[in-house]
Amino acid sequence: MKLNKNESLREQMSMPNPHFPIKVHRSRYSQGGMVLFEHHWHKHLEFLYFESGEALIECGSTTIHAKPGDLIVVNSNELHYGFNLAPNLVYYVLIADISLLQSGSVDAAETKFIAPISQNQLLLRNHIRGDQATIACMHNLIRELENREFGYELAIKSELYRLLALLLRGHVTTVLTKDEYAERMKNVERFEPVFRFIAEHYREELTVEELSGIAGLSRYHFSRLFKELTGRTVTEYVTSARLDKADYLLRNTPLTVSEVAAASGFNDIYYFSRTFKKHKKVSPSKIRDA
């Protein structure tokens, strides 16, 4: 099955002010068990700060159980996904184009830090918890972007420089060569149609042969790269997508548990119930009766 070439997991990010490319918004959800955002990626840095509630955030192959006070850092061109685990979830999303910090002339800060971050040669740790200085810096950025007092542009650039300095000092996980970065980007782009296909056909029987054909890879290389990108096997990834859909249907529709199982791609109600309880730590019937 051929996909529309224009379909892509790469999000085309718009900014309120293209000449000052940074923005923040507050997201609030009263119900748990729903997808916050589907798998996607973009060139901008993204920061998620959790005020209340809990969520499951995937950044590449890293899975994070985010709780109040946590900061999640999404690197440039990093595949990410979010799922709400509890009611009363409140979190801030700050998105910044690193070009905001580039200077008119090349200097040490740009060559040593800004350019490598923008080119994914320096990868930052995704999950930050208990780092008071970094969290305080994030609070300052949110406040400046929300209040927009006179001179806020200077304050924001100052705080963003400080945030990156704190992250670089204490939260760098990987340093990539140019060749490693090029290989990483090639793999992300190659797997875009695969993730899109799974999102649209998760109810169907999906085989590694079928998905590896979409990526143009042998079964062996496809399975290896898929695990490297997502941290899961194909079966684990598809099962997770089905369970997330089932969780949403149980909480937000009048469908019976059997109907939810069928609508989510599970043909065996007993296998569905057992798998759901294993992964969600609660039975489908208990969610329905809540």
Side-chain angles (χ1 to χ4, degrees), residues 11-32 34-37 40-55 57 59 64 66-78 80-82 84-104 107 109-110 113-115 117-118 122 124-172:
E11 183 176 351
Q12 301 302 319
M13 193 68 64
S14 61
M15 290 287 176
N17 182 356
H19 302 293
F20 198 71
I22 185 171
K23 63 181 179 180
V24 69
H25 69 266
R26 187 172 185 260
S27 296
R28 185 183 189 112
Y29 295 85
S30 58
Q31 292 183 322
M34 62 187 303
V35 173
L36 301 174
F37 45 85
H40 69 286
W41 57 286
H42 43 69
K43 69 174 184 177
H44 303 80
L45 285 178
E46 182 170 335
F47 302 91
L48 308 175
Y49 175 71
F50 288 83
E51 191 173 88
S52 65
E54 298 181 20
I57 306 296
C59 296
I64 302 160
K67 297 181 179 181
D70 285 0
L71 177 64
I72 307 299
V73 180
V74 182
N75 290 285
S76 173
N77 301 316
E78 187 165 51
H80 51 293
Y81 165 86
N84 186 9
L85 295 174
N88 302 317
L89 174 69
V90 178
Y91 68 99
Y92 286 88
V93 182
L94 187 150
I95 298 173
D97 188 334
I98 200 71
S99 66
L100 178 66
L101 300 181
Q102 291 177 329
S103 56
D107 58 17
E110 180 159 342
F113 308 113
I114 303 302
I117 290 174
S118 65
L122 285 175
L124 304 170
R125 179 178 293 120
N126 296 123
H127 189 196
I128 297 173
R129 176 179 288 169
D131 185 334
Q132 295 182 356
T134 300
I135 300 302
C137 194
M138 186 68 186
H139 282 158
N140 291 338
L141 276 165
I142 292 170
R143 185 172 59 251
E144 289 290 347
L145 280 163
E146 288 186 334
N147 296 339
R148 294 179 177 267
E149 297 176 0
F150 181 72
Y152 77 93
E153 296 94 341
L154 290 173
I156 286 171
K157 290 189 74 168
S158 174
E159 291 292 347
L160 193 55
Y161 271 121
R162 175 164 174 73
L163 178 62
L164 289 182
L166 291 169
L167 293 173
L168 287 168
R169 286 175 177 174
H171 303 284
V172 170

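Note that the structure is a prediction, hence the values are computed from the model and not measured.
Although no hydrogens or angles enter the test, the distance criterion places a donor-acceptor pair under 3.5 Å between the side chain of H80 and the main chain of E78.
For R26, the salt bridge (Lys or Arg N to Asp or Glu O under 4.0 Å) partners are E51, not counting sequence neighbours. Residues meeting the ring-ring contact (aromatic ring centres under 6.0 Å, His included) test with F113, sequence neighbours left out: none. When the side chain to side chain donor-acceptor pair (under 3.5 Å) test is applied to E146, no partner is found at least two apart in sequence or on another chain. Y92 is linked by a ring-ring contact (aromatic ring centres under 6.0 Å, His included) to nothing, counting only residues two or more places apart in sequence or in another chain. Here S52 pairs with V90 under the side chain to side chain contact (heavy atoms under 4.5 Å, CB included) rule; sequence neighbours left out. Legend: residues meeting side chain to side chain donor-acceptor pair (under 3.5 Å) with N140, ordered by chain and number and at least two apart, are R143, E159. With sequence neighbours excluded, the residues satisfying side chain to side chain donor-acceptor pair (under 3.5 Å) with Y49 are H139. The side chain to side chain contact (heavy atoms under 4.5 Å, CB included) search around A96 returns I22, L94, L160, not counting sequence neighbours. R148 is linked by a side chain to side chain donor-acceptor pair (under 3.5 Å) to Y152, counting only residues two or more places apart in sequence or in another chain.
Here salt bridge (Lys or Arg N to Asp or Glu O under 4.0 Å) pairs that include residues 125-140, with residues two or more places apart or in two chains, are D70-R129.
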Between C59 and I72, does a side-chain contact (heavy atoms from CB on, under 4.5 Å) hold up when you go through it step by step? CA-CA 9 Å; C59 296; I72 307 299; 3.9 Å; yes
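For the pair F50/I57, a side-chain contact is recorded, criterion being any heavy-atom separation below 4.5 Å from C-beta on.
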